[in-house]
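Lettering follows sequence order; numbering is per chain, from 1. These numbers come from the heavy atoms of this one structure, side chains and all, not from hydrogens, waters or symmetry mates. As the structure is a computational prediction, the values presented were derived from the model and not from experiment.
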Amino acid sequence: MDTQRTAVPSLPAQYQPGEVEQRRYEQWVAAGHFRASADSDKPPFTIVIPPPNVTGSLHMGHALDHTVQDALIRRKRMQGFEALWLPGMDHAGIATQNVVERQLAAQGLSRHDLGREKFVERVWQWKAESGGAILGQMRRLGDSVDWERERFTMDEGLSRAVQTMFKRLYDDGLIYRAERIINWCPRCLTALSDIEVEHTDDDGELVSIRYSDEVVVATTRAETMLGDTAVAVHPEDERYRHLIGTEVEVPLTGRMIPIVGDEHVDPTFGTGMVKVTPAHDPNDFEIGQRHQLPSLTIMDERGVITAAGPFEGLDRFEARPAIVAALREDGRIVAEKRPYVHAVGHCSRCRTTVEPRLSLQWFVNTTPLAQAAGDAVRDGRVRIEPAELAKRYFAWVDNMHDWCISRQLWWGHRIPVWYGPDGEVVCVGPDEQPPTGPGWRQDEDVLDTWFSSGQWPFSTLGWPERTADLEKFYPTSVLVTGYDILFFWVARMMMFGLYVMDGKPPFEVIALHGMVRDQYGKKMSKSFGNVIDPLDWIERFGADATRFTLARGANPGADVPVSEDWCQGSRNFCNKLWNATRFALINGANVGGPLPEPAQLSPVDRWILSRLQHVVAEVDEQFEAYEFAKICDTLYHFAWDDVCDWYVELAKPVLAAGGEPAAVTRRVLGHVLDQVLRLLHPIAPFVTDELWIALTGRETIQTAAWPVTEPTLVDDAAEAELVMLQRVVTEIRRFRSDQGLRPAQRVAARLDGLAEARIAGHEPLIRSLVRLEDGGPDFSASATLAVAGGVNVALDTRGSIDLAAERARLEKDRAAAEKEAAQARAKLGNPAFVDKAPEPVVNKIKDRLAVAEADLARIAAALEALA
RNA sequence: GGGCGCGUAGCUCAGUGGGAGAGCACUCGCCUUACAAGCGAGGGGUCGCAGGUUCGAAACCUGCCGCGCCCACCA
């Protein structure tokens, strides 16, 4: 049995993660453990990383996202899958361009000073510097990504995918160019899609302006009146119906505009009259369309008034008060309300107030694509975890507006459309030559960054080519990301994937996690000063502790609160594993060969092996349900409570006694630790690998098989026996604690009733754990303690027992038992309960009553013995 | 304005119809030869409020109060 015993390496008493982590990670990469091959016979398991913004650095949210993905990948790898975790980064068009523009601004330059070509070159330079930092952070986290497949959304291959996708959508009539009111950022000087606009409730000022005696309109944006081309009223509004078809003069401009009737107007709001500015408001634009109103653009792309007159050249926010002042002077202002809180859109990248602007842009007609994206989830081909979040997904895809994809930026994929001298428009595919000749020019704009990241699950695998990778690894298995980009990114990938991959959705499961928050549930923000850098934790507590802390808080779809205290707890847990393994090594734990025959196993061995089977089954279920918090909880308690606090403590006397029982225990201990380390490896890869190698002498835990349950090892009797043993031990310890008996102090005692409690065989163990010694033949008790399961302990402490304290304790226990018994009797005395409750429930109550009554009897006997 | 969700121990959260749980924090006692980043014991909750359904509600229904998030073109 001891032949495979490993040499005892000298592990230090405390786990030092820093040294271990760097050494191990380089070994893992060098050994090629993270590489996946399309040629493999193993079934594929694929995750593509949500590509981080190339200019950013990884924050706690990434650490959470990566921990979850790495855990899934590592487990599948151990389960024998060809597991591919594909890394990469996103060029993040507008965000990246803004960063570089800010750098230029610090030198007093603008992108126009450099010109398009030089500017883009400059962004590539910045990408090279910044991207490297992210890759380094991923290594520190322990991400087992296939580095040979790292991709970037602006790579040649991915750019080819973008062009192919554009061309295909264009040819199918799903991409079109139109003049529309779009969200415009006057600072970034580009169009924004709906999702790039964030609404906040801002203070404004609502003024009512008298256009004529009968016409009074309200507005928060007085400056737009320079572009008014109508006033609208509800067609059914009795007050104003007679005005429809007449004209009114716009103050300050002298322009005559018609009054039209339009259903959009809410007669109950304000005066029930609306000024209509088709070029500067999306609603007004629609009203304009319906009534063939002209659109008067009164502002340039920077938000500066261009309408001729006294306000020309003023910024929109200067023009507003100036116009209000001028109107007031004219006596045109009839009412003012301020502050007036209303929703205002801001550029999500720079916070500038968005200006609705009439302009010519490219759009994707999302109607058929969004329909398919919704159906794939509705019909179960794609599962959203947690399922409740599917409602949000549907709310989005079922109400999707057409997607504005052109951006007036330089950093990104240029729109592959050429315009000819005679108004020709040619969309050019990746293998086609763009038209040449005088007068031809390419569209200046680039595509929305989500247009390329939306193709990530297949473009990274080689699409549009039908590569071996694409065949093997698409569709991907699970997409792990925060619920915050369910709309931005996930819905786009669904639309594109279904569209070009023969209706195959890009992933089987969408596993959503929440946002990382601080220990009070507050959002982490720089201004609040509660941001935690994952690298700081990795350095102080280790990557495993950081990962465990995040995973431990990760309930599906829910936000994840973290704090340094909790990370410290995780670090302590890693150290606990470390020391448990140290104990095992010192005591010659054996990890080779089959487990001993059942007949050789002690009840304690059978108990821990049985518990292990439950744990393996639970962890598997929890993994399948993405219940990371529960995985951590299960393993934490099994490793710490069952293995360390009970099994190891119970094993000590056995190991000390030596002989065959000790050999059996060494084998069981080795097995249990081996399995626990495997189960924990996906979450805490470093410490488990280090310990497993020390324990087994083998190369790495990464390729060790994932534990499977062994039903023959489930042993209910042994579990019941240990529960009783634990209760008795705990009760005796409580007595010792209550009595202030020093842990080292031995007490003479006689244990009565162990046979009735079916733990007679454990008497030596119990005595050893709670330091009770045999009183010998002339034993005479000075006190009696009633403990669980019919066990009484007769003690002789030579007069040092505080009888009053013990009596008080027993009285308290009796009160509790009486309450319990009374409750049970009341239930059983209720005919409705006995009649209607299911039988197991009734039996349970009967059992409970029996136990309570037995407890009462024991307590009474003990009290009598005290007296 | 529309939609979704939450309110359980001091803090953060599990628990979805039958004995109120975990981690951290707290109290007491211990350096018991794996671990003081540890060991043992303990205290602490009318499960937001009010009704209802049920033999039985923290859980299911209704209303109210409080909080959060997402979406949104009421000037």
**Q.** Within residues 633-640 of chain A, residues whose heavy atoms come under 4.0 Å of RNA chain B
**A.**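 Hits under 4.0 Å, by residue number: D633(A), Y636(A), H637(A), W640(A).
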Counting side-chain heavy atoms from C-beta on, which of [options] comes nearest to [X]?
{"X": "K576(A)", "options": "C24(B), C35(B), A75(B)", "value": "C35(B)"}
{"X": "W566(A)", "options": "C71(B), A34(B), C24(B)", "value": "C24(B)"}
{"X": "K391(A)", "options": "C39(B), A72(B), C4(B)", "value": "C4(B)"}
{"X": "T730(A)", "options": "A72(B), A41(B), C35(B)", "value": "A41(B)"}
{"X": "R734(A)", "options": "A75(B), A41(B), A72(B)", "value": "A41(B)"}
{"X": "R733(A)", "options": "C69(B), A41(B), C35(B)", "value": "A41(B)"}
{"X": "R552(A)", "options": "G23(B), C70(B), A34(B)", "value": "G23(B)"}
{"X": "N572(A)", "options": "C30(B), G38(B), A41(B)", "value": "G38(B)"}
{"X": "D565(A)", "options": "A72(B), G40(B), C24(B)", "value": "C24(B)"}
{"X": "D266(A)", "options": "C74(B), C39(B), C70(B)", "value": "C74(B)"}

Touch check for [X], heavy atoms < 4.0 angstrom, all strands: base, sugar-phosphate only, or nothing?
{"X": "S563(A)", "answer": "nothing"}
{"X": "F487(A)", "answer": "sugar-phosphate"}
{"X": "A580(A)", "answer": "base"}
{"X": "V217(A)", "answer": "nothing"}
{"X": "F541(A)", "answer": "nothing"}

Q: Ignoring hydrogens and angles, answer whether the base of A37(B) and the side-chain atoms of Q14(A) contain a donor-acceptor pair closer than 3.5 Å.
A: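 In this structure, the two groups form a donor-acceptor pair.
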(Q) Please tell me whether S563(A) and D565(A) have a donor and an acceptor in their side chains that are separated by less than 3.5 angstrom. (A)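 Result is no, nothing qualifies.
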Q.
Say we look at G63(B) and U53(B): how far apart would their C1' atoms be, to the nearest angstrom?
A.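 These two C1' atoms come out 15 Å apart once rounded.
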Q: Write down the distance separating the P atoms in U12(B) and C71(B), rounded off to the nearest Å.
A: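 Per the computed distance, 25 Å lies between those P atoms.
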Would you find a donor on one side and an acceptor on the other, under 3.5 Å apart, between the side chain of [X] and the backbone of [Y]?
{"X": "R210(A)", "Y": "R332(A)", "result": "no"}
{"X": "D544(A)", "Y": "V687(A)", "result": "yes"}
{"X": "N575(A)", "Y": "R571(A)", "result": "no"}

Q | Residue mapping more 5' on RNA chain B - nearest nucleotide basis, C644(A) or V834(A) | A |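 By nearest-heavy-atom nucleotide position, the 5'-most residue is C644(A).
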Q: By nearest nucleotide on RNA chain B, pick out whichever of V729(A) and E649(A) is the more 5' one.
A: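 It is E649(A), whose closest nucleotide lies nearer the 5' terminus.
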Q.
Any salt bridge linking R809(A) with E806(A)? Criterion: basic side-chain nitrogen under 4.0 Å from a carboxylate oxygen.
A.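 Judged by the 4.0 Å cut-off on N to carboxylate O distance, R809(A) and E806(A) do not form a salt bridge.
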Watson-Crick/G-U partner (both atom distances under 3.5 Å) of [N]:
{"N": "U12(B)", "value": "A22(B)"}
{"N": "A41(B)", "value": "U27(B)"}
{"N": "U46(B)", "value": "none"}
{"N": "G17(B)", "value": "none"}
{"N": "U33(B)", "value": "none"}
{"N": "C69(B)", "value": "G3(B)"}
{"N": "U53(B)", "value": "none"}

Q: Just do the side chain to side chain contact (heavy atoms under 4.5 Å, CB included) check on L226(A) and I323(A) with the steps written out, would you?
A: CA-CA 9 Å; L226(A) 300 177; I323(A) 286 173; 3.9 Å; yes
Q: Would you indicate, yes or no, if C69(B) has its OP1 or OP2 atom less than 4.0 angstrom from a side-chain nitrogen or oxygen of K522(A)?
A: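 Answer is no, no contact under 4.0 Å.
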Q) Can you tell me how far the CD1 atom of I510(A) sits from the CG atom of L389(A), to the nearest 0.5 Å? A)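 It comes to 10.5 Å.
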(Q) Protein within reach of the bases, or only the backbone? For nucleotides 14-19 of chain B, mark each nucleotide 5' to 3' as B, S or -, using heavy atoms under 4.0 Å. (A) SS--BB
Q: Run the numbers on I608(A) and D642(A) for side chain to side chain contact (heavy atoms under 4.5 Å, CB included), then give the verdict.
A: CA-CA 7 Å; I608(A) 196 69; D642(A) 290 339; 4.0 Å; yes
**Q.** R517(A) NZ/CZ over W566(A) ring centroid, <6.0 Å and within 45° of normal
**A.**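 Pair R517(A)/W566(A) does not count as cation-pi.
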Q.
Just checking E19(A): does its CD atom have more than 12 heavy atoms from other residues, nucleotides or ligands closer to it than 6.0 angstrom?
A.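 Buried by this count: over 12 neighbours within 6.0 Å.
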Q.
For a side chain to side chain contact (heavy atoms under 4.5 Å, CB included) check, start with the C-alpha distance between N530(A) and Y520(A), then their side-chain angles and the critical distance, and finish with the verdict.
A. CA-CA 10 Å; N530(A) 60 349; Y520(A) 303 110; over 6 Å; no
